[in-house]
Amino acid sequence: MKFSKAYEPDQYEPEIYALWEKSGAFKPTENKNAENYTIVMPPPNANGNLHIGHGLTIALEDILTRYHRLKGDNTWYIPGADHAGFETWVVYERKLESEGKTRFDYGRDELYDQVWNFVHEQRGNMELQLRALGASCDWDSLTFTLDQKVVDTVYNTFEKLWKQGLIYRGVKLVNFCTKHQTAFADIEVTHKDEKGKLWQIAYPLVKPKDGIEEIIVSTTRPETLLGDTAVAVNPEDNRYKNIIGQKVKLPLTDREIEIIADEHADPEYGTGVVKITPAHDPNDYEVGERHNLDMITVIGFDGKMTAEAGANYEGLTTADARQKVLSDLETQGLLRGEEPIVHSVGHCYKCDTVIEPLLKEQWFVNVEPLARDAINALEANRIKFHPDNKKRVLINYLKNLKDWNISRQIPWGIPIPAFVNVDDPTDWIFDKRVDQTEIEKGGKTYRRDEDTFDTWFSSGQWPYITTSDRKQHYPTSVMETGADLLFQWVGRMIMLGLYNTGEVPFKDVYMHGMVLDEKGQKMSKSKGNVINPIEIVAQYGSDALRLGLIASRSAGVNQAFSSSKVIASRNLCNKLWNISRLIQDMVDKAEKPNGEAEATSNGEDWICREINKTNKEIQKLLAKYRFAEAGDAIYDLIWNKYADWFLEGEKLWKNIPLLKTTLEQILIMLHPFAPFVTETIWQTLSWTEGMCITQKWPSELKFSATKAAKFEELMIIVTNIRSHFQSLPGASSYPVAFYDDKLVYDNQLLIQHYTKAPGIPEIKPEDANGLHLAIAGHPNIYLEIPADIHAKYKANLEERILSLGKEIDVLETRLRNPNYVKKAPKELVDETKQQLETKQHLLEDMKAEFELV
RNA sequence: GGGCGGUUAGCUCAGUUGGCUAGAGCGUAUCUUUGACGUAGAUAAGGUCAGAGGUUCGAAUCCUCUACCGCCCACCA
């Protein structure tokens, strides 16, 4: 390969990825003396496309992976693919719908096979996209969430929980989507504020007491009245105290229900009287349990009124039933008013259907013991969180966690291995023969439960399932995922990990925030503001996307996508490409291109020092997951130090061995962040061997601290001269005269090269004239400028004297403060003194100059 | 109702044991047809670190309060 003028990522990226993959570089090494480093990828939807959030996920995880691989750890990045139970099901059901079919046209096994085929036809896209993002994961270890080993582990866990009595079947109020015909966990329900009405309805007392003939309840859902089994008032509410225990006649029915006392009724709200419908409201359900009330189901799973609602209402939708109930009450004179209110209503997060709380028999996990262990582990700091505050948030959540409904009524998932006796609905057994709808056991016939597991029940076991072939990699090193998955995923992995293995599933948790659109809005298909990572890769390159995504981003915080950062990153790749092109050119032209890399000039010592510094900094920052700062550090090194100063100077010196070594070090250090361009360069350079991905992390370069410091002085001189050249009228360059200055004397050529001054003449002190440069430590440097320009310069000098005076005041005030001198660290005080001294000298020089001009 | 973030340059944001002159990218201004790069180089302008109070020799950073923006959880008859 040869270096073209500009780096064009799309020409190299696919080949480079193939090179890595074929070479086996993604496989974990098994070096006994090395540490194990393991990251499990949050499995993306097997048949979906990656979104920008995946871009960030992969960038962060792959930086860690590549860094630890370079450091020599046995590094294992485990990819996954998610069957995405409900998500995929929704997509498939839509497909059925478009074909004029419904799920009820098929049996469960048939549907399962259909979706399986559907997913496998679509599959592979996501995996290609992961490759485009550069994920250096071990593809042979890819685990699909329906793989046999997943199912086996999930069944073992279920059986263990079952045997220990932590699994129970219960009738509870569940969040039910009548369109998708499935229940949801509380966390999966989206609440939205909506305008509604609060109706007042009179319930007549059966036997009027103390002049009270009726009580008025407030409700937003009149249709549920048909399922009322009590009316509640607050026990402290004096208005109703003496009618507690009385009966009221439930309108539109022939039932009589009791007035009960319960804290749930808020005397401040509405009339202070609440109708209780245990079968259709979570709070009422709790009241019902406390008071042992009947639970009458008046709304069915189809979203229509049941027979129990009465012949007048049976078969109506809830909306129609509401209208009818209202008009019937109106007719009977029991409707006493309505007022508009805003209240929050639960919706299905996929189809937006209003969630009905319905009574349903489901499998539940008793989470109390699991949560307790998880809380203990968290409080004992066995897992470190980034950002730290997420840990407390999680503990808080776990403390209030309710039992976990793990049944879902969708065919696409892991079947629940439970069977019920056909003759006894309370006789459930655990059995793994889920491929049969009916089994025989002990002379009895059992029918399979048609439900599948909640996705999080299986993915909550992900870390130990995926590492089962290399058990030394469990617990994993870090779980990196989106902050939105703290409860549903991270929390469950910790609970189930501890339960099953006794160990925490990972040592660190790093949670990234959401990637918002450029205006800071949440991305969504409906808003049309979605950014496709693969398009960015095509346009700017995979490395540019990564660097751009991690730039200026800190843990746990939602941040806007910034295309300017992506462009800046693309430019960095191009810069590095051209740096390499220049060095390759120098190598090609060199007479003796080989030899020991050694710093032989101030600038070389300086760059060695800076490379070492950046090397240490990157290590320190990555250990703390401070990706953005690590990226900044390497960016600054490459662009502002290596290219602008060191390489510019090397155009004169051409220390080929050092150029080669320093370039290699930079390529390796940047490789985790920008794998493609660094590898492409590595493969293109004439002298490098092997692959960048499998190099060793650079060791320290030798340098002289004194010489490095000298170069810094030189930089100040150069910058000062350049600044004058720009600001002086006419904006041209002038000879730089000096006397009695060894640094300038030794570096005349270099100064001329950096400043483009027409000459650097050494003069005698008595010949000194022109513009005197005020540079601390270098009092004898002059710009030889014409007299008229010199005069104009005076005003500028005056300003600078004033501002320097202010700086000196600040330092003096600080030193005059006895507490500062007493309490601040000595080094700091000494440093301040030193600064003051140099500035005072400088001021004297400038004042003297001012007199002269 | 409970909790968590955020408020720093025109824009998007960094800034973690409190300590040099508060940084980056983009944008802006001026200059540069330097044979690595114009996806470039050089120089520069631009900040009462949301507001008020406190702790400290010293606060963008720690504490208290306030305002505004965003998110999460619970509840909403």
Side-chain angles (χ1 to χ4, degrees), chain A residues 3 5-7 186-187 191 193 198-199 217-221 224 232 264-266 269-277 281-284 341-345 387-390 392-393 396-397 400 483-484 486-487 513-514 516 518-520 522 540 548 551-554 556-586 624 626 628-629 631-632 635-636 643-644 647-648 651 719 722-727 731-732 753-756 807 810-811 814 817-825 827-829 831-832 835:
Chain A
F3 284 104
K5 195 171 173 193
Y7 175 60
D186 293 342
I187 206 164
H191 288 272
D193 277 346
L198 191 62
W199 284 277
V217 303
S218 308
T219 181
T220 52
R221 298 202 61 189
T224 62
H264 169 59
D266 176 0
Y269 193 95
T271 55
V273 185
V274 198
K275 61 194 263 322
I276 302 296
T277 323
D281 180 279
N283 285 310
D284 292 4
I341 58 156
V342 173
H343 60 151
S344 111
V345 179
D388 192 43
N389 68 306
K390 297 284 176 199
R392 281 198 336 268
V393 177
N396 213 25
Y397 170 79
N400 299 307
D484 50 331
L486 179 64
F487 300 149
M514 237 184 297
L516 307 173
E518 297 224 50
K519 290 177 196 144
K522 216 166 155 174
Y540 298 106
S552 288
R553 195 174 286 276
S554 50
V557 182
N558 295 349
Q559 263 156 240
F561 175 82
S562 162
S563 54
S564 69
K565 293 273 184 189
V566 173
I567 292 171
S569 307
R570 186 268 317 259
N571 294 354
L572 175 72
C573 296
N574 187 59
K575 186 82 182 174
L576 186 64
W577 179 260
N578 278 290
I579 288 170
S580 309
R581 182 152 82 111
L582 174 63
I583 293 176
Q584 180 65 60
D585 191 50
M586 289 176 176
K624 294 194 281 182
R626 303 182 73 80
E629 285 161 81
D632 269 357
Y635 181 102
D636 182 55
D644 290 346
L647 211 50
E648 211 42 62
K651 285 177 181 169
T719 309
R722 282 169 171 172
S723 177
H724 277 98
F725 285 174
Q726 284 282 328
S727 61
S732 53
H753 179 72
Y754 280 131
T755 61
K756 304 285 175 276
E807 286 173 34
V810 169
L811 293 176
R814 196 179 297 168
N817 181 341
N819 284 321
Y820 174 71
V821 181
K822 223 189 299 169
K823 292 186 183 173
E827 315 87 77
L828 202 65
V829 178
E831 211 179 309
T832 313
Q835 275 173 9

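So that the names make sense, note that chain A is the first sequence line, chain B the second, and so on, each numbered from 1.
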Using every non-hydrogen atom in the two residues, find where [X] and [Y] come nearest and quote the distance to one decimal.
{"X": "A:T224", "Y": "A:K275", "value": "OG1-NZ, 2.7 Å"}
{"X": "A:A568", "Y": "A:Y635", "value": "O-CE1, 4.1 Å"}
{"X": "A:K651", "Y": "A:L582", "value": "CE-CD2, 4.1 Å"}
{"X": "A:A643", "Y": "A:I579", "value": "CB-CD1, 3.8 Å"}
{"X": "A:I341", "Y": "A:Y269", "value": "CD1-OH, 4.2 Å"}
{"X": "A:T271", "Y": "A:V217", "value": "OG1-CA, 3.9 Å"}

Can you check the [X] [atom1] to [N] [atom2] distance for me, whole Å?
{"X": "A:L576", "N": "B:rU39", "atom1": "CG", "atom2": "P", "answer": "18 Å"}
{"X": "A:K624", "N": "B:rG15", "atom1": "NZ", "atom2": "P", "answer": "11 Å"}
{"X": "A:N389", "N": "B:rG3", "atom1": "CG", "atom2": "C1'", "answer": "10 Å"}
{"X": "A:Y540", "N": "B:rU39", "atom1": "OH", "atom2": "P", "answer": "13 Å"}
{"X": "A:E629", "N": "B:rA14", "atom1": "CD", "atom2": "P", "answer": "10 Å"}
{"X": "A:L486", "N": "B:rC71", "atom1": "CG", "atom2": "C1'", "answer": "13 Å"}
{"X": "A:I579", "N": "B:rU39", "atom1": "CD1", "atom2": "P", "answer": "17 Å"}
{"X": "A:N558", "N": "B:rC72", "atom1": "CG", "atom2": "P", "answer": "9 Å"}

Task: A:N574 side chain to A:A6 backbone, donor-acceptor under 3.5 Å - done: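 Checked: no pair found.
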TODO: May I ask you to decide if A:R581's main-chain N or O and A:N578's side chain share a donor-acceptor pair within less than 3.5 Å?
DONE: no
When all nucleic acid strands are considered with a 4.0 Å heavy-atom cut-off, which category describes [X]: base, sugar-phosphate, or nothing?
{"X": "A:L572", "value": "nothing"}
{"X": "A:Q559", "value": "sugar-phosphate"}
{"X": "A:D266", "value": "base"}
{"X": "A:R221", "value": "nothing"}
{"X": "A:K275", "value": "nothing"}
{"X": "A:A232", "value": "nothing"}
{"X": "A:A560", "value": "sugar-phosphate"}
{"X": "A:F487", "value": "sugar-phosphate"}
{"X": "A:T719", "value": "sugar-phosphate"}

Using the [atom1] atom in both, what is the distance from [N] to [M], to the nearest Å?
{"N": "B:rC63", "M": "B:rC73", "atom1": "P", "result": "26 Å"}
{"N": "B:rC20", "M": "B:rC49", "atom1": "P", "result": "15 Å"}
{"N": "B:rU32", "M": "B:rU21", "atom1": "P", "result": "36 Å"}
{"N": "B:rA42", "M": "B:rG6", "atom1": "P", "result": "35 Å"}
{"N": "B:rA67", "M": "B:rU30", "atom1": "C1'", "result": "42 Å"}
{"N": "B:rU17", "M": "B:rG54", "atom1": "P", "result": "26 Å"}
{"N": "B:rG53", "M": "B:rC11", "atom1": "P", "result": "26 Å"}
{"N": "B:rU7", "M": "B:rU16", "atom1": "P", "result": "12 Å"}

Open item on the list: Can you give me the dot-bracket string for RNA chain B, 5' to 3', counting Watson-Crick and G-U wobble pairs with both distances under 3.5 Å, using [ ] for crossing pairs and | for partners on another strand?
Closed with: (((((((..((((.....[...)))).(((((.......))))).....(((((..]....))))))))))))....
Task: Per-nucleotide protein contact string for nucleotides 24-29 of chain B, where B marks a base within reach and S marks sugar-phosphate only (heavy atoms under 4.0 Å, - for neither) - done: BSS---
Open item on the list: Tell me whether the rings of A:F487 and A:Y397 are parallel (<30°), tilted (30 to 60°) or perpendicular (>60°).
Closed with: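 Judged by the thresholds at 30° and 60°, the geometry between A:F487 and A:Y397 is parallel.
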Open item on the list: Using the rule given for side-chain contact (heavy atoms from CB on, under 4.5 Å), can you reason through A:H264 versus A:V274, listing the C-alpha separation, both sets of side-chain angles and the distance that settles it, and then say yes or no?
Closed with: CA-CA 8 Å; A:H264 169 59; A:V274 198; 4.2 Å; yes
Open item on the list: Counting neighbours of NZ on A:K522 that are heavy atoms of other residues, nucleotides or ligands and sit closer than 6.0 Å, is the number greater than 12?
Closed with: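 Counting other residues, nucleotides and ligands, NZ of A:K522 stays at 12 neighbours or fewer.
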Less than 4.0 angstrom between a side-chain N/O of [X] and OP1 or OP2 of [N], yes or no?
{"X": "A:R626", "N": "B:rG15", "result": "yes"}
{"X": "A:R570", "N": "B:rU39", "result": "no"}
{"X": "A:S554", "N": "B:rC13", "result": "no"}
{"X": "A:R392", "N": "B:rC4", "result": "yes"}
{"X": "A:K522", "N": "B:rG70", "result": "no"}

Open item on the list: With nearest nucleotide decided by heavy atoms, which residue, A:R581 or A:Y269, maps closer to the 5′ end of RNA chain B?
Closed with: A:R581
Open item on the list: Assuming nearest nucleotide by heavy-atom distance, tell me which of A:T220 and A:E648 is located more 5' along RNA chain B.
Closed with: A:E648
Open item on the list: Is there a side-chain contact between A:R626 and A:S554 in this structure, where contact means two heavy atoms from C-beta onward sitting under 4.5 Å apart?
Closed with: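 No, too far: nothing below the 4.5 Å cut-off.
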Open item on the list: Would the base of B:rA36 count as contacting A:K651 through its side chain, where contact means a donor and an acceptor less than 3.5 Å apart?
Closed with: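 A donor-acceptor contact between them is present.
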